[in-house]
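Here the structure is laid out as structure tokens; the discussion comes afterwards.
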Amino acid sequence: MSTTTAPRRAFDALIAERGLGFGGDYNPEQWSPEVWREDVALMQRAGVNLVTVGVFSWAMIEPIPGAREWGWLDEVLDLLHEGGIAVDLASPVASPPPWLGVRHPETLPVDRDGVRLIPGSRNQFSPASLVYREHAAAITRDLAERYADHPAVRMWHIGNEYGQVDHGDEAAREFRLWLHRRYGSIEALNDAWGTAFWSQRYAAFDEILPPRRMPYLVNPTQSLDFRRYSSDQLLECYRELRDIIRDAGATQPITTNFMGFHALTDYWSWADEVDVVSDDQYPDPASPQAPADIALVQDLMRSLGDGRSWVLMEQAISATSWREHNLPKSPLRARRDSLQAVARGADAVCYFQWRQARAGAERFHSAMLPHAGADSDVFRGVCRQGEDLKKLSSVAGTGVAAEVAILFDWSSWWAGEEPARPTERLRTMTEITRWYRELWRRGVAADVVSAASDLTGYRTILVPHSYIVTPATAEALRAAVEAGAHVVVGPFSGVADENAQVLTSRSPVLLRDLLGASSEEWGAVPDVGSPLVADERWDAGRGLSQPSASILAERLRAEGAEVLARHSSGELEGVAAITRRAVGDGAAWYVGAVVDPEMLSALLGDVLAAAGVIDAFGAPAGILPDGLEAVRRGDVLFLLNHADAPMDIAVDGSHIDLLTGDETNGSVGIAPGEVRALTERRTW
Ligand code: GLA
């Protein structure tokens, strides 16, 4: 999405015209027309200006094959338009009506065990099914032709949370076609998959099946390719419908709602296909780490859109209902979650859903208008958010500048989590999250980057765990270090090539020269851990209480790099654990073990200092008071208090809080759960 297209400009124009988007999924088909009128009046009261309509309305529009019941939708769209509420109109293809599966069982997905799923829930479609795709195309075409010019419709929303996987016969056909396009010949596939192992050699593409239930371990490259194919197949479904909507004359932006670091869809390949990135976020209020962890997701969304603003398409105003134990959120917490998204680049904040359902599987999922009605703290909180967002309209379209990048790729994640490796306890997302939290607690902004991203200009590039490193990535990291960046590589990185085949020689083969260190073996660490000792010349390492490694450690040797920490006893006694190779103004750091949180914090703090990274206040990055989140969007400094106690934070200069109008000078008080949005007070 590197160029700003006309539909993207249409999104920016909508926000410029109406202010930051605020609203949610609106499912009028669950209610009578009298309720719709009340809905619109209450939306107006709450400051709602954007609703997503029709996500699950396929059976309403097409109750029997070929029918088109538009009357109710005409009325709803007209009502919303009269009420001044913009519509994100959904192509309702996420959940086909029961008749489709009953008449055409081949449209139903088949799971890994060969079980065909049935209607009665939702999402029961196979992305590979030609019949499903014909029906989805037909209803989308008719919908788009009917409403492309409707004045209420300001955005299009395709499907819902694409993430289906099918292992059936149609998927087998599509998988083979995908493989043929990727490899060109069966010989090339056999090489890439390493099928000499266990007598897996294929004589022809039509022998290949999706990874269904097998007697023992699946070929890891087959598994990786099936994940790649599944993501691409869903993307093809999305693209097909997007093009249909465009061909019908729609000029509005088109999107589909992402799901953060979702395990089944490689959003790096999806990002260019949506006009505006949108995402569903459900941080667990029970997790103390939720604010930092959701910040990482929000940074990913901004990064997927090349730094452009994005849409928080769904979140919960209070409790979800799909966890085992669903803690409610206070209105203050819900407000803070929304403002956090705005601070990290969202130009619209929406919920699932507007009115709480009385029937169906999500009857206990919170909604902006709860069962209790408008006389409720939840709804009063919603109204307060509507007011708050109006006050922040000046941030619309602005970005978050980051000096730090964190490398993440879906293929690497997928390949790195295949079973049968030194330890299943080393998890990509756990490592990325652990490293990211160290940035978050220092108020340091980060972009998430892929192997294909331009790394120029970042002062620090973190590679917490990238199982696959290609020659191009290795070259980009080398160039970045030579240009003065500090690159930090975590354990068990650069292990494999893009076919998930292990690179032979001392590891990480392609980064060895850059790091000035390499290892000959990766090993799981016994549960008691492996004690570490920091070199006494390494300032940041001095004074650490009892440093240790867990989970995985490499038998690492310095080859030109200086050793910052070593294993101090046991099997690995004397073996290097952390190394640094200085290169001009930059350096290549290697962490050859999963080091404990205190040591990781000391290390990353040291890296940021060496790289001259500044925090949201414009100061050298240091640890902020516990629970304070600081992020600068455009020229607004957002300070969020996630702790239970009030904070008094020094902020140089005079500022105005956009949310309260308070003037601050030198310091600012923030009550627990509160948010400040400070803009410099100009005296001229
Ligand atoms: C997802 C879906 C919604 C709803 C919510 C509930 O985000 O897109 O339809 O099921 O979860 O949290």
Side-chain angles (χ1 to χ4, degrees), residues 21 23-31 50-60 87-97 117 119-125 127 155-165 234 237-238 241 255-265 267 270 274 277-287 290 293-294 297-298 300-301 310-329 333-334 337-338 341 346 348-371 378 382:
D25 278 22
Y26 180 40
N27 297 305
E29 62 272 27
Q30 297 174 11
W31 304 94
L50 177 67
V51 292
T52 300
V53 176
V55 173
F56 294 109
S57 63
W58 190 343
M60 224 40 199
V87 171
D88 168 32
L89 185 58
S91 146
V93 298
S95 215
L117 310 184
S121 176
R122 67 174 181 189
N123 303 342
Q124 73 287 354
F125 68 88
M155 183 146 66
W156 292 88
H157 182 292
I158 298 182
N160 189 56
E161 299 191 332
Y162 274 106
Q164 294 66 34
V165 189
L234 286 168
C237 291
Y238 164 81
L241 302 183
T255 191
T256 183
N257 43 350
F258 292 170
M259 292 176 279
F261 288 85
H262 185 248
L264 297 169
T265 30
Y267 291 141
W270 286 65
V274 295
V277 169
S278 67
D279 195 46
D280 297 351
Q281 300 176 357
Y282 292 93
D284 186 351
S287 161
D293 296 354
I294 203 67
V297 174
Q298 295 169 344
L300 171 69
M301 291 307 139
W310 51 280
V311 170
L312 176 51
M313 190 62 91
E314 289 184 25
Q315 57 173 338
I317 188 80
S318 181
T320 57
S321 58
W322 42 263
R323 293 190 167 98
E324 187 230 339
H325 192 60
N326 298 282
L327 293 199
K329 286 186 199 172
R333 172 72 189 255
D337 284 357
S338 292
V349 163
C350 300
Y351 285 92
F352 176 81
Q353 61 177 331
W354 162 252
R355 184 182 277 272
Q356 190 168 21
R358 160 173 83 183
E362 292 180 324
R363 64 209 178 286
F364 292 115
H365 194 292
S366 61
M368 300 167 83
L369 184 63
H371 291 147
V378 167
V382 167

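Indexing begins at 1, ligand by ligand and atom by atom, following the structure's order.
The CE atom of M301 lies 10.0 Å from the CG atom of L312; values are rounded to the nearest 0.5 Å. The OG1 atom of T265 sits 13.5 Å away from atom OH of Y238, with the distance rounded to the nearest 0.5 Å.
Without hydrogens or angle criteria, S366 side chain to A316 main chain gives no donor-acceptor distance under 3.5 Å.
Note on ring orientation: taking the six-membered ring where Trp is involved, the planes of W270 and Y162 are tilted (angle from 30° to 60°).
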List below, pair by pair, the N or O atoms of ligand 1 and of the protein that are less than 3.5 Å apart, including the distance to 0.1 Å; reply 'none' if no pair qualifies.
residue, atom, partner, partner atom, Å
ligand 1, 7 (O), E161, OE2, 2.7
ligand 1, 7 (O), Y282, OH, 3.3
ligand 1, 7 (O), E314, OE1, 2.2
ligand 1, 8 (O), N160, OD1, 3.4
ligand 1, 8 (O), N160, ND2, 2.8
ligand 1, 8 (O), E161, OE1, 3.4
ligand 1, 8 (O), E161, OE2, 3.4
ligand 1, 8 (O), E314, OE1, 3.1
ligand 1, 8 (O), E314, OE2, 2.7
ligand 1, 9 (O), R122, NH1, 3.0
ligand 1, 10 (O), R122, NH1, 3.0
ligand 1, 10 (O), R122, NH2, 3.1
ligand 1, 10 (O), E362, OE1, 3.3
ligand 1, 10 (O), E362, OE2, 2.3
ligand 1, 12 (O), Y282, OH, 3.4
ligand 1, 12 (O), W322, NE1, 2.8
ligand 1, 12 (O), H365, NE2, 2.7

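Residue M313 is tested with D279, T255, N160 for a side-chain contact (heavy atoms from CB on, under 4.5 Å); the sole match is T255.
Applying the ring-ring contact (aromatic ring centres under 6.0 Å, His included) rule to F125 yields the partners Y132; only residues at least two apart in sequence or on another chain are considered.
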